[in-house]
Amino acid sequence: MTARLLDGTAVAKDIRAEIGPAVRAFTERAGRPPGLGIVLVGNNAASEIYVASKLKSAGDSGMRADLERLPATAPLAELLDAVARLNRSEAHDGILVQSPLPEAMGEDAERRVFDLIRPDKDVDGFHAVNAGRLVQNRATLVGCTPSGIIELLERSRIPIAGARAVVIGRSDIVGKPMALLLLHRNATVTICHSRTANLPAVAREADILVAAIGRAAFVTPDFVKPGATVIDVGTTRLEDRSLVERLFAPGSKRREAFERRGSLVVGDVHPAVADVAGALTPVPGGVGPLTVAMLVKNTLRAAEERLKPGTASLDPER
Ligand code: NAP
């Protein structure tokens, strides 16, 4: 392996350490800590793990962090009520509704929920107001995963300005905001998707390649310019032994982890890319911890903004 590993866990720890004093200062000024309200619907195993980690991280940073649980059978109206309560709450500066929502809630459930969250409490940055502000490069709350990746690139001293960046994936939560953040930092950005022609050749143009697809080991060495920085956003849980055996050598740490657990979370980037890339985020330990750290940072930012006079204009209920 030749690529430098970009340690998301270490950078996330630095970000959290920097947040601590600001949280204490806010608490002193406001007479209460910044507050995060999370709503979890159902019992999706991965969501349980993500939510536990978000609550712990916010709590460890000195914030108030509350979880409201709804059963998987809850009607959408009940979830909308929970969000409306958090919108009105004086104690909560940030609101997060963990996705995915149960399919039974309906196809447009996520959109309706995200549209209801007050933009100034939208710590995931999913609301149309925050997406629009990002387009105009004047956003306060930007999606945690893409903004975490920018922190990682900057703190790892990977030059963005002037770089050719290719983002594979165009979702509203990762691909599009990622591309915009890179653009605002003066990268020349190409966004790819499932209909992109000649994808490996386009990806090979990249100095910075971001893979946000959700397909295990999809990005093979032929996608990567030698020396490029590769950011692996994807997380796919593999239970198929033959695929794990094809990807990871016997005796390797990842194979051992699979033998212990019977499943393995892998990224979009094939392990052999480590021999071509200049720098690479591991899975796990790359983008995931940054996403959680940025949620805490966004909650602090939302709290500080809400304390400033004049921001109540964003509040649809006052
Ligand atoms: P998504 O909404 O499913 O979007 C996936 C994107 O990948 C789509 O734009 C899709 O293209 C594109 N795509 C799919 N197959 C492709 C192919 N064969 N060639 C080129 N592009 C292809 O997923 P998402 O929410 O953005 O998440 C992406 C991945 O990141 C998932 O694995 C998710 O679990 C992971 N994730 C991780 C974190 C973290 O903290 N580590 C956070 C968020 C997401 P079309 O638009 O053409 O369909």
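FYI, side chains are in, hydrogens and waters are out, and symmetry mates aren't considered; it's all heavy atoms of this structure.
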(request) Give a yes or no answer on whether the side chain of His184 reaches the backbone of Leu134 with a donor-acceptor pair at less than 3.5 Å. (result) yes
(request) Inspect the contact between Arg32 and Asp93 and indicate whether a charged nitrogen and a carboxylate oxygen are less than 4.0 angstrom apart. (result) yes
(request) Quick one: which residue pairs count as a salt bridge (Lys or Arg N to Asp or Glu O under 4.0 Å) with a foot in residues 181-193, not counting sequence neighbours? (result) Glu154-Arg185
(message) Please determine whether a side-chain nitrogen of the Lys or Arg among Arg301 and Glu305 lies less than 4.0 Å from a carboxylate oxygen of the Asp or Glu.
(response) no
(message) Taking side chain to side chain donor-acceptor pair (under 3.5 Å) as the definition, give me every residue that meets it alongside Ser194, ordered by chain and number, with sequence neighbours left out.
(response) none
(request) Go through the structure and list residues passing side chain to side chain contact (heavy atoms under 4.5 Å, CB included) with Val292, not counting sequence neighbours. (result) Ser53, Lys54, Ser57
(request) Evaluate the side-chain proximity of Leu280 to Leu6: yes if any heavy-atom separation is below 4.5 Å, no if none is. (result) no
(message) Going by side chain to side chain donor-acceptor pair (under 3.5 Å), name the residues that satisfy it together with Thr291, two or more places apart in sequence or in a different chain.
(response) Thr145
(request) Please confirm whether the backbone N or O of Ala217 pairs with a side-chain atom of Asp268, one donor and one acceptor, at under 3.5 Å? (result) no
(message) One pair to check against salt bridge (charged side-chain N to carboxylate O under 4.0 Å, His left out): Asp122 and Arg118. What are the steps and the verdict?
(response) CA-CA 6 Å; Asp122 170 35; Arg118 277 173 49 151; over 6 Å; no
Return all side-chain donor-acceptor pairs below 3.5 angstrom for residues 13-30, not counting sequence neighbours, or 'none' if the list is empty.
from: Glu18; atom 1: OE1; to: Arg155; atom 2: NH2; distance (Å): 2.9
from: Glu18; atom 1: OE2; to: Arg155; atom 2: NH1; distance (Å): 2.8
from: Thr27; atom 1: OG1; to: Val23; atom 2: O; distance (Å): 2.7

(message) According to side chain to side chain donor-acceptor pair (under 3.5 Å), who are the partners of Glu304, at least two apart in sequence or on a separate chain?
(response) none
(request) Could you tell me whether the side chain of Ile231 reaches within less than 4.5 Å of the side chain of Leu209, counting heavy atoms only? (result) no
(message) Please check: side-chain N/O of Lys121 versus main-chain N/O of Arg306, any donor-acceptor pairing under 3.5 Å?
(response) no
(message) List the residues meeting side chain to side chain contact (heavy atoms under 4.5 Å, CB included) with Val244, not counting sequence neighbours, and say none if there are none.
(response) Leu238, Phe248, Arg255, Phe258, Leu264
(request) Can you spot which of Arg237, Arg241, Glu239 makes a side-chain hydrogen bond (donor to acceptor under 3.5 Å, both in side chains) with Ser263? (result) Arg237
(message) Check this for me, if you would: do Lys253 and Glu256 make a salt bridge, where the nitrogen-to-carboxylate-oxygen distance has to be below 4.0 angstrom?
(response) no
(message) I want to check something: taking the side chain as every heavy atom from C-beta on, are Arg170 and Cys192 in contact at a cut-off of under 4.5 Å?
(response) no
(message) My understanding is that only residues two or more places apart in sequence, or in another chain, count here; which of them pass side chain to side chain contact (heavy atoms under 4.5 Å, CB included) with Val283?
(response) Asp232, Val265
(message) How long is the straight-line distance from CG of Leu199 back to CZ of Phe223, given to the nearest 0.5 Å?
(response) 4.5 Å
(message) Quick check against the 3.5 Å criterion: does Asn44 have a side-chain atom that pairs as donor or acceptor with the backbone of Ser47?
(response) yes
(message) So which atom in Cys144 and which in Asn298 form the shortest heavy-atom distance, rounded to 0.1 Å?
(response) SG-ND2, 3.8 Å
(request) Taking the side chain as every heavy atom from C-beta outward, state whether Val123 and Leu36 have any atom pair closer than 4.5 Å. (result) yes
(message) Quick check: closest heavy atoms across Ile150 and Ile160, and the distance to 0.1 Å?
(response) CD1-CD1, 4.2 Å
(request) Would you check if Arg111 and Asp172 make a side-chain contact, meaning some heavy-atom pair closer than 4.5 Å? (result) yes
(message) Working note: Ile213 + Val219, criterion side-chain contact (heavy atoms from CB on, under 4.5 Å); need CA distance, chi angles, decisive distance, verdict.
(response) CA-CA 9 Å; Ile213 311 163; Val219 173; 4.2 Å; yes
(request) May I have all residue pairs that pass salt bridge (Lys or Arg N to Asp or Glu O under 4.0 Å) and include part of residues 192-205, sequence neighbours excluded? (result) Arg164-Glu205
(request) Applying salt bridge (charged side-chain N to carboxylate O under 4.0 Å, His left out), name anything that partners Glu48, two or more places apart in sequence or on another chain. (result) Arg69
(request) Calculate, to the nearest 0.5 Å, the distance between atoms CG and OG1 belonging to Leu290 and Thr9 respectively. (result) 8.0 Å
(request) Quick one: list whatever passes side chain to side chain donor-acceptor pair (under 3.5 Å) with Arg215, sequence neighbours left out. (result) none
(request) Compare all side-chain heavy atoms of Pro100 with those of Glu110 and state whether any distance is below 4.5 angstrom. (result) yes
(message) For the residue pair His92 / Asp66, report whether a side-chain donor-acceptor contact shorter than 3.5 Å exists.
(response) yes
(request) Answer yes or no: is there a donor N or O on one side and an acceptor on the other, between the side chain of Ser89 and the main chain of Ala91, under 3.5 Å? (result) yes
(request) Would you kindly confirm whether Leu101 and Ile38 end up in one hydrophobic cluster when ILVMFWY residues are joined by side chain heavy atoms under 4.5 Å apart? (result) no
(request) May I ask you to say whether Arg85 pairs ionically with Asp81, meaning some side-chain N is under 4.0 Å from a carboxylate O? (result) no
(request) Output the distance between atom CG (Leu152) and atom CD1 (Ile158), rounded to the nearest 0.5 Å. (result) 7.5 Å
(message) I'd like to check Leu80 versus Arg112 (side-chain heavy atoms, cut-off strictly below 4.5 Å). Are they in contact?
(response) yes
(message) Using only atom types and a distance under 3.5 Å, with no angle test, would you say the side chain of Asp124 pairs donor to acceptor with the backbone of Phe126?
(response) no
(message) Using modelled atom types and a 3.5 Å cut-off, is there a donor and acceptor pairing between side-chain atoms of Ser156 and backbone atoms of Leu153?
(response) no
(request) Among residues two or more places apart or on two chains, list those pairs meeting side-chain hydrogen bond (donor to acceptor under 3.5 Å, both in side chains) that have a residue in residues 218-228. (result) Asp207-Lys225, Thr220-Asp222
(message) I'd like to know if Met63 and Ile117 are part of one continuous hydrophobic network [Ile/Leu/Val/Met/Phe/Trp/Tyr, side-chain heavy atoms within less than 4.5 Å].
(response) yes
